[in-house]
2 protein chains.
Amino acid sequence: MATAAKVEPQRVDRFEERRRELADAALVTLSELGYARTSLREIAQNSAFSHGVLHYYFRDKVDLITYCVRQYKAACVLRYDRIVATARTPEGLAQGFADGLVATLVEDARMHRLWYDLRSQALFEESFRADVLDIDATLERMIDRIVGRYGELRDRPAPAPSAMTYALFDGLFQQALLRHFAGSPTAADDLRARVLGLLDRLFPP
Amino acid sequence: MATAAKVEPQRVDRFEERRRELADAALVTLSELGYARTSLREIAQNSAFSHGVLHYYFRDKVDLITYCVRQYKAACVLRYDRIVATARTPEGLAQGFADGLVATLVEDARMHRLWYDLRSQALFEESFRADVLDIDATLERMIDRIVGRYGELRDRPAPAPSAMTYALFDGLFQQALLRHFAGSPTAADDLRARVLGLLDRLFPP
DNA sequence: AGTGGACCTTGACGACTGTCAAGGACTTCC
DNA sequence: GGAAGTCCTTGACAGTCGTCAAGGTCCACT
C-alpha cells in the first residue's frame, strides 16, 4: 500500500528514536546509582516521561537494560579507532592510546563503573551474559587493532592473543577507575605510565 | 570482679562466633545470588535461624555485608603464601602460582564473582569502599610477594610497581572467570598459559 | 524456686519494587 | 467532524524489602 510504505517506516523510526531517548535517560540513572539500586520509577523520573511509558517501549526491565547495554557499546569504541587511523609513528600511537584511556577515565568514569557493574552482574544473571560477552569481544577487538597497529609501526608481529592483551589493559584500567573514585590524585598519571610501560613490555627491544 | 572476668570474654566469644557463623551463611547466599538480589530473609533462610536474628547481631544490612567482606578476605590469601614458602626454583614457583590461580578459578569461582560484584559496588556506594580497598591492597601485597620471590629466585629486581603487577594478573583472572561462567572449556588452561606468559614478559631473558 | 538476662522467633510496619490495565490526550486519516 | 490509532499518564495490584518491637524460650545464678 502507498500509505503503509510511507507511514510504517516513519512509525518505526519514531518508535526506535523514543527507545534510544529512554535508554539514554536510563543510562544516566544507571551510571549514577548502579544496577542494584536503579528502579524503573527512578529512570522515568530522570526523563521527560512517567514510569508507565517504559513498558510501552520495553517488554520488561531486562529488555530495557539489555537495550541500554547495547547502546552503550556503540558509543564506546569510537574514540579509539580514530586514534589508530591518525597515528603515523609508534610513539604517537602509544601516546594517543594512553591519553585516550586517561581521558576516558576522567570523562566517562561514571559510565565505565556501570560497565564493570553490569559485567559483574553477567557473572550471576544469565540474561545479561550474551550482551556482555558481545561488548567484551568488541572491546577486545578494539584493543587488538591498537596493539596490532602499534606492532605494524614497529615491524613486529602480535605479541600475544588478543584476549590476553585485552585482559591486561582492562586490568590496568579497572584499577585506575577504582583509585579514581577513591579520590587518588595520581590515578590518571599512573594509568598513563602503566599503559606505556605495558606496551613496552609487550614489544621488548 | 571474678564473675565478670570469667563471663565477659565468654559472652564476647559466643557473640563473635555467631557473627562469623551468620556471615558464613550470608557469604554462601551472596555468592549464589549476587549483591543485588540477596535479601536478609534469603540469607536467614539459608542459615539455621530466622530473619530477625540478623538485626540482633548486625546493626543493619551494610554492617552485615561489610563484616562478610572482611571475613572473606581472611580466607583469600592463605593458599598462595604457602606456595611462596615452599617453592625452591623459579619454574616451580611459576607453576605453583599458575596452578593455584587455576584451582581458585575452578573451586572458588562463586566466591570470586562475589568479590568482583562487591568491588563494583564500591564504585557506587561509599560505605563499602574502605573495606574493598583494604582487601584489594591485601591481594596486591600477596601478588607482590609472589612476583618478588620469583624475581629473587631468578636474581632480578621487581619489574614494576606492585599495583601494576596486581592489576595485570587481576585482569587475566577476571577474564578467565567470565569465560568460565560462560561455559568456555579452555578458560582454565588459557589462564594458566597466560599467567606463565605474563611472568615471562615481566622478567624477559 | 524464681529471677534476670541472653538469645531467638514471630508478626507487623511503611516503603518500594516490576508490572499492567484503564483511560485520557493528541494526531492522522476518511 | 468523527473514527481509528498512537502515545502517554494514572492508579492500582501483588510482592518484596529492611527494620523493629513484642514476646517467647532457655539457661545461669542466687
Side-chain angles (χ1 to χ4, degrees), chain A residues 1-26 29-30 32-68 121 124-125 127-128, chain B residues 1-26 29-30 32-68 121 124-125 127-128:
Chain A
M1 317 289 172
T3 61
K6 207 173 64 180
V7 171
E8 267 288 314
Q10 198 180 25
R11 201 161 60 218
V12 170
D13 281 358
R14 289 170 61 89
F15 192 79
E16 265 302 307
E17 195 180 342
R18 238 324 109 76
R19 276 168 72 96
R20 271 195 289 271
E21 190 180 348
L22 289 170
D24 267 337
T29 307
L30 278 166
E32 194 69 41
L33 299 179
Y35 170 77
R37 298 192 299 178
T38 299
S39 70
L40 295 181
R41 282 174 171 82
E42 187 76 28
I43 290 174
Q45 210 150 16
N46 289 10
S47 82
F49 308 97
S50 71
H51 70 271
V53 81
L54 290 170
H55 279 88
Y56 185 80
Y57 288 97
F58 298 95
R59 195 175 357 101
D60 54 16
K61 196 186 182 182
V62 172
D63 186 31
L64 166 61
I65 296 196
T66 300
Y67 188 92
C68 287
Q121 291 309 310
F124 294 93
E125 295 197 40
S127 25
F128 292 164
Chain B
M1 315 298 169
T3 61
K6 208 174 63 180
V7 171
E8 269 285 315
Q10 197 180 24
R11 201 160 60 217
V12 171
D13 280 359
R14 288 171 62 88
F15 191 79
E16 265 303 306
E17 195 181 341
R18 220 357 89 78
R19 274 168 74 97
R20 271 194 290 271
E21 190 181 346
L22 288 170
D24 267 336
T29 307
L30 278 166
E32 194 69 40
L33 299 180
Y35 170 77
R37 297 191 301 177
T38 298
S39 69
L40 296 182
R41 283 174 171 81
E42 187 76 28
I43 290 174
Q45 209 149 18
N46 289 11
S47 81
F49 307 97
S50 71
H51 70 273
V53 82
L54 290 171
H55 280 87
Y56 185 79
Y57 288 98
F58 299 95
R59 196 176 352 103
D60 54 15
K61 195 185 182 183
V62 171
D63 186 30
L64 166 62
I65 296 197
T66 300
Y67 188 91
C68 288
Q121 291 309 311
F124 294 94
E125 295 198 39
S127 26
F128 293 164

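Here the structure is a predicted model, which means the values were calculated and not measured. Only this structure's heavy atoms are used, side chains among them; waters, hydrogens and symmetry mates stay out.
- For the pair B/L30 and B/Y35, the tightest heavy-atom approach, listed with the atom from each and the gap, is CD2-CA, 4.1 Å.
- Atoms CZ (B/R14) and P (C/dG5) sit 17 Å apart, rounded to a whole Å.
- B/T66 OG1 to B/F128 CZ: the interatomic distance, rounded to the nearest 0.5 Å, is 5.5 Å.
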With B for base contact, S for sugar-phosphate-only contact and - for none (protein heavy atoms under 4.0 Å), nucleotides 9-23 of chain D reads BBBB----BBB----
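- With rounding to whole Å, B/D13 atom CG is found 15 Å from C/dA6 atom C1'.
- Computed from coordinates, the A/E17 CD to D/dT6 P distance equals 17 Å when rounded to whole Å.
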Compile the donor-acceptor pairs under 3.5 Å between side chains in residues 52-64 of chain A and protein atoms, sequence neighbours left out, one pair per line.
{"residue": "A/D60", "atom": "OD1", "partner": "A/V62", "partner atom": "N", "Å": "3.4"}
{"residue": "A/D60", "atom": "OD1", "partner": "A/D63", "partner atom": "N", "Å": "2.9"}
{"residue": "A/K61", "atom": "NZ", "partner": "A/T38", "partner atom": "O", "Å": "3.2"}
{"residue": "A/D63", "atom": "OD2", "partner": "A/R59", "partner atom": "N", "Å": "2.9"}

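- The CZ atom of A/R37 lies 10.0 Å from the CD atom of A/E32; values are rounded to the nearest 0.5 Å.
- Among the atoms of the strands shown, none is found under 4.0 Å from any heavy atom of B/F58.
- We find that B/E16 and B/R19 are joined by a salt bridge, their nearest charged nitrogen and carboxylate oxygen being less than 4.0 Å apart.
- Per the geometry, CD1 belonging to A/I43 stands 11 Å off P belonging to C/dT17, to the nearest Å.
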Let me check something: any side-chain donor-acceptor pairs from residues 39-51 of chain B under 3.5 Å, sequence neighbours excluded? List them with distances.
{"residue": "B/S39", "atom": "OG", "partner": "B/E42", "partner atom": "N", "Å": "3.2"}
{"residue": "B/N46", "atom": "ND2", "partner": "B/T29", "partner atom": "OG1", "Å": "3.2"}
{"residue": "B/S47", "atom": "OG", "partner": "B/A44", "partner atom": "O", "Å": "2.8"}
{"residue": "B/S47", "atom": "OG", "partner": "B/F49", "partner atom": "N", "Å": "3.1"}

